[in-house]
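A short worksheet on the structure shown next.
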Amino acid sequence: MNYPDLSHRFDGESVARALEIVGERWTLLILREAFFGVRRFGQLARNLQIPRPTLSARLRTLVDKGLLEKVPYARDPDRHEYRLTDSGRDLFAAIVILMQWGDHHLPHPQGPPIVLHHQPCDQTAEPVLVCAHCRQEITAHNVTPEPGPGFVDLLGDAKDGVLIDDSLKVVQRRAPIDREKRTRTRR
C-alpha cells in the first residue's frame, strides 16, 4: 500500500522546533532541577553528576534561548545563579508530564521517588491535561490535528489537513481553513 508523503507537515513544526532547544537529556534535567529550586552551577553539577563543560554549554544555550537568566549573586569573585524565565517556567507542565509518565511506565519498585504536593487541596497532585475552554481532559483520542495559521506546504501555500489513524490509513481529508475567518474568530 502506498502511503501519502506527509513529511512536509513537519517543516517548522512546533514540537521539532522546541526539541531543538530542550530535546537533550541534560537540558531537561537542568530544567527539572531549576523547577525544584536549584540555581547555582556547583549545585547543578553535584545533583546531576554532569561533566562541567557539558553543564556550561547547556546553561549557555538555555540562557541564549531565553529559558534561564544568569543573575549575579556575589562579587569578588563574580558568581551567578540561573533563574527560570517566564518562557522556562512554561515548560513546567512538560516536565511534570514526563515525570508522571516515568512513574507510570518505568516505575521504581518502592514507588515514585518524588511526588508533587498540591498546596490548595493539600493532596498529592495527579495532573491531567485539560482544555482551557471546556475543562475536559485532553487525550490522544479526543483531539484532531488541524492546519493552523503557520501550516504551509513546501511551496508556501496553505495545505489541506490530512489526518492519519494508528494504522496509517488516511481517514479524513479536511478542507483548507479560511485563514481570514479563523483569525477574525480568535480576536
Side-chain angles (χ1 to χ4, degrees), residues 13-50 54-55 58-74 79-151 161 163-166 182-183 185-187:
E13 185 268 331
S14 301
V15 173
R17 287 194 325 266
L19 287 175
E20 287 293 319
I21 299 169
V22 299
E24 193 273 330
R25 177 183 190 263
W26 288 121
T27 300
L28 287 173
L29 292 175
I30 291 166
L31 289 171
R32 180 202 63 195
E33 290 299 298
F35 283 119
F36 294 153
V38 179
R39 295 182 174 174
R40 297 188 179 165
F41 187 93
Q43 293 170 323
L44 288 164
R46 182 190 66 233
N47 289 5
L48 297 173
Q49 297 181 351
I50 180 176
T54 302
L55 178 57
R58 297 305 180 273
L59 287 170
R60 190 173 320 111
T61 298
L62 290 168
V63 169
D64 290 348
K65 298 299 183 179
L67 279 72
L68 294 175
E69 62 181 334
K70 188 176 179 179
V71 179
Y73 72 87
R79 298 203 182 267
H80 297 86
E81 62 184 21
Y82 297 88
R83 295 183 186 167
L84 289 161
T85 63
D86 289 341
S87 177
R89 280 187 291 278
D90 284 348
L91 285 168
F92 181 70
I95 299 291
V96 169
I97 293 298
L98 282 171
M99 188 173 90
Q100 189 176 32
W101 183 89
D103 289 343
H104 180 77
H105 294 284
L106 306 167
H108 188 279
Q110 297 171 347
I114 296 173
V115 295
L116 301 175
H117 178 82
H118 191 231
Q119 296 164 2
C121 70
D122 201 32
Q123 299 293 317
T124 298
E126 295 183 28
V128 294
L129 182 63
V130 299
C131 175
H133 301 283
C134 68
R135 300 289 183 216
Q136 292 200 19
E137 184 175 7
I138 294 175
T139 70
H141 302 291
N142 68 7
V143 295
T144 305
E146 296 180 350
F151 188 90
L163 308 177
I164 306 295
D165 71 6
D166 291 341
R182 185 177 190 134
T183 303
T185 59
R186 287 187 173 180
R187 291 183 188 153

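- Residue Trp26 comes nearest to Arg58 through the heavy atom pair CB-CG, 4.1 Å, listed as atom of the first residue, atom of the second, then distance.
- Two residues are said to be in side-chain contact when any heavy atoms from C-beta on lie closer than 4.5 Å; Glu24 and Thr61 fail this criterion.
- Asp86 contributes atom CG, which lies 12.0 Å from atom CG of Leu91 (distance to the nearest 0.5 angstrom).
- Environment of CD in Glu137: crowded, with over 12 heavy atoms of neighbouring residues, nucleotides or ligands closer than 6.0 Å.
- Between the CD1 atom of Ile95 and the CZ atom of Phe36 there is a distance of 8.5 Å, given to the nearest 0.5 Å.
- For Ile21 against Thr27, the heavy-atom pair with the smallest separation is O-CG2, 3.6 Å.
- Remark: Glu20 CD is loosely packed, at most 12 non-hydrogen atoms of other residues, nucleotides or ligands lying under 6.0 Å away.
- Within a 6.0 Å radius of NE2 in His104, other residues, nucleotides and ligands contribute 12 heavy atoms or fewer.
- Counting only distance, with no hydrogens or angles, the side chain of Arg79 and the backbone of Ala74 share no donor-acceptor pair below 3.5 Å.
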Derivation of the side chain to side chain contact (heavy atoms under 4.5 Å, CB included) call for Leu84 and Leu68
CA-CA 4 Å; Leu84 289 161; Leu68 294 175; 3.7 Å; yes
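- Gln100 contributes a side-chain N or O that, together with a main-chain N or O of Pro127, makes up a donor-acceptor pair within less than 3.5 Å.
- In this structure, Ser87 and Gly66 approach most closely via the heavy-atom pair CB-O, 3.5 Å.
- Atom NE2 of His117 and atom OG1 of Thr124 lie 7.5 Å apart (nearest 0.5 Å).
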Is there a side chain to side chain contact (heavy atoms under 4.5 Å, CB included) between Leu106 and Trp101 once you walk through the steps?
CA-CA 8 Å; Leu106 306 167; Trp101 183 89; 3.6 Å; yes
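- Under the side-chain contact (heavy atoms from CB on, under 4.5 Å) rule, Leu59 has a single partner from Ile30, Leu67, Thr54, Asp64, which is Ile30.
- Atom CZ in Arg60 sits 13.0 Å away from atom NZ in Lys65 (nearest 0.5 Å).
- With rounding to the nearest 0.5 Å, the separation of CZ in Arg46 from CZ in Phe41 is 12.5 Å.
- When every heavy atom of Thr85 is checked against every heavy atom of Glu69, the shortest pair comes out as CG2-N, 3.9 Å.
- Taking OH of Tyr73 as the reference point, atom CD of Glu81 lies at 7.5 Å (rounded to 0.5 Å).
- At distances below 3.5 Å, at least one donor-acceptor pair connects side-chain atoms of His108 with backbone N or O atoms of Gln110.
- Nearest heavy-atom pair, Ile138 versus Val143, reported as atom, atom and distance to 0.1 Å: CG2-CG1, 3.5 Å.
- In plain terms, the two heavy atoms of Asn47 and Val38 that are nearest each other are ND2-CG2, 3.5 Å.
- Looking at Asp103, its side chain never comes within 3.5 Å of a backbone N or O of Val115 through a donor-acceptor pair.
- Looking at Arg39 and Tyr82, their side chains never come closer than 4.5 Å, going by heavy atoms from C-beta outward.
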